[in-house]
Amino acid sequence: MRRHHRTTPRISRLLGSLLLVAAAGAFTVGSAPAPAPAPDPAPAPLGRVVPAPASVEPGTSPYRVTGGTGIRVDDSREVRRIGAYLADVLRPSTGYPLPVTSHGQGGIRLRLAKGPFGAEGYRLESGRKGVTITAAEPAGLFHGVQTLRQLLPAAVEKDSVQPGPWLVAGGTIEDSPRYAYRGAMLDVSRHFFTVAQVERYIDELALYKVNKLHLHLSDDQGWRIAIDSWPRLATYGGSTQVDGGKGGYYTKADYKEIVRYAASRYLEVVPEIDMPGHTNAALASYAGLNCDGVAPPLYTGTDVGFSSLCVGKDITYDFVDDVVRELAAITPGRSLHIGGDEAHSTSHADYVKFMDRVQPIVAKYGKTVIGWHQLTGATPAQGALAQYWGLDDTSEAEKAQVAKAAQNGTGLILSPADRMYLDMKYTADTPLGQDWAGLVDVKRSYDWDPGAYLPGAPASAVRGVEAPLWTETIQSSADIEYMAFPRLAGAAELGWSPAATHDWDAYKVRLAAQGPRWDALGIGYYRSPQVPWPAR
Ligand code: ACM
């Protein structure tokens, strides 16, 4: 992650405990006499973590990271790599060497062991002698490392040496996720984002144990992934964006780099090719894909629902087969998202016919279908997941259609637009974003239960949640961050934390403690008045 450069005022210990209150703020003195040692401030409470851990047992003695601390890892490449990642986080701000070794005693230990951790869970034990993170799988160690970061002072995220002390509260955290699917979507079609911008977002998602990055790779305004057998999709279809900028696309090497980087943070990339609607960029690139054989112009506006692949033409399925084959070949994850939303220019009969032909193509290339929930109006394939993006006031009939599919075995990913859409404005004054699903401040975004959300859908059908970010109005990493933070943290908690921990009043206090961390990371967030942020 690109770190924010700023000078941090030195904390003055000149007046010792009398001015302990100054230790929380910034108290600058020119050339001070030798400072008297101040008592250590208390470490952050063990449970002050987002997402809330499943279980927290406070202990008595904190662990202090010092210049003598080592990071001890199992002698395996992957655990060593996680140790190196942790060292990279801790070294710039502590200034300590933090060697990563597979021998020695005490310090920070990362170990794999059999235990009741599942694929992503971990145990973190902290005391006077050290911190040990144990997990059955490397992903669990990585998530435990994120917890450890949050237990250290926010200044640990800075990129220059800070005074410390670096205390981790004592005790034991046992933690594992409520849902296996904890996603965030980035729309790279309406505005294109570079590999570096996507990787920055991946780092931010990893902080909150998000494990799926859904990339919306195609839409009316831009096709963003190179397909060798249909090269104009990217070179022409990717050549613009909303408001007519130059757009862009990922080469296969770029896409593989995003996949690799995501995997190094234990996120899986879920690529989406939206069809049969939202396809103007493809239709503009190849005249033959159009029912009338005439390519429309490129599109840089923000309307939806005007484009459709030609359901009656065989070339449509040759196109889909080629795109899915090439995309599946560079996607190690199990899922491939085929869109299916807002196909307002496709008749219902054509929509059903299209999905009946396209879903088997996805299966042929070894992937599982994900579609927006309109897919439940066709016949979802065995194992398909439907991503629900309705609102409180979506019709009962539409909700019932999704619930019925869920009863019949279609898994659900919940992205209710009036809760989880990160592009909705927080308030009427939010300078970015849209408001068609309403205004979504932090409490509304957090305060619902995915397990009991959709009437008639069994809780067991819910595979997780996802926070999509559509980018009609979003053009930079700063824009992404302002809309994602703080709401993304709540979305991540809904996906990770047990329902029993869900409590707005407790959450807003844990969330407030993230503010200084985002400041230290250079993440510009919306300081919602609903959250008791510490003064800056
Ligand atoms: C969507 O917002 N059209 C999925």
Side-chain angles (χ1 to χ4, degrees), residues 181 183-191 212-224 241-242 270-282 299 301-309 335-346 348 351 354-355 358 369-378 380 384-395 398-399 401-402 405 410-425 432-440 445 450 453-454 463-474 480 483-484 487-488 491:
Y181 192 110
M185 187 206 82
L186 184 63
D187 169 11
V188 296
S189 178
R190 271 53 176 270
H191 282 100
K212 309 284 180 195
L213 174 66
H214 168 185
L215 286 177
H216 184 75
L217 289 169
S218 69
D219 212 302
D220 291 317
Q221 297 86 349
W223 184 283
R224 306 300 181 202
Q241 59 187 359
V242 166
V270 177
E272 177 186 355
I273 299 297
D274 201 348
M275 47 196 174
H278 288 279
T279 43
N280 188 76
Y299 181 71
T302 59
D303 288 345
V304 299
F306 61 86
S307 56
S308 180
L309 291 173
S335 307
L336 200 145
H337 201 306
I338 56 172
D341 59 320
E342 296 175 311
H344 304 321
S345 300
T346 318
H348 177 69
Y351 184 85
F354 180 82
M355 289 303 180
V358 164
V369 166
I370 303 181
W372 297 105
H373 75 257
Q374 284 72 22
L375 178 64
T376 61
L385 303 181
Q387 182 168 9
Y388 181 76
W389 62 282
L391 321 178
D392 277 0
D393 62 5
T394 291
S395 74
E398 190 168 335
K399 289 178 184 167
Q401 173 189 293
V402 179
T410 298
L412 299 179
I413 300 165
L414 296 180
S415 302
D418 53 352
R419 305 272 184 183
M420 295 295 265
Y421 269 29
L422 297 175
D423 58 313
M424 290 302 119
K425 291 175 180 290
L432 301 168
Q434 308 207 62
D435 62 3
W436 59 262
L439 301 170
V440 182
S445 175
Y453 177 74
L454 200 62
R463 302 300 152 77
V465 298
E466 183 178 291
L469 179 55
W470 302 99
T471 60
E472 287 91 338
T473 67
I474 306 299
I480 291 175
M483 298 310 277
R487 290 179 294 195
L488 174 78

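Start at 1 and go down the list; that is how both ligands and their atoms are numbered.
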* Compare all side-chain heavy atoms of Lys399 with those of Leu454 and state whether any distance is below 4.5 angstrom. => yes
Residue set satisfying salt bridge (charged side-chain N to carboxylate O under 4.0 Å, His left out) with Glu472, at least two apart, ordered chain then number -> Arg190
*Have Trp372 and Glu272 got a donor and an acceptor in their side chains that come within less than 3.5 Å?*
yes
Starting from the N and O atoms of ligand 1, find every protein N or O within less than 3.5 Å and list the pair with its distance.
unit_1, atom_1, unit_2, atom_2, d
ligand 1, 2 (O), Tyr421, OH, 2.6
ligand 1, 3 (N), Asp341, OD2, 2.6
ligand 1, 3 (N), Glu342, OE1, 3.0

Given the options Gln374, His373, His278, Gln387, Asp341 meets side chain to side chain donor-acceptor pair (under 3.5 Å) only with His278
For a quick check under 3.5 Å, do Thr346 and Ser308 share a side-chain donor-acceptor pair by atom type?
yes
_pair His216-Thr471: side-chain heavy atoms closer than 4.5 Å_ = no
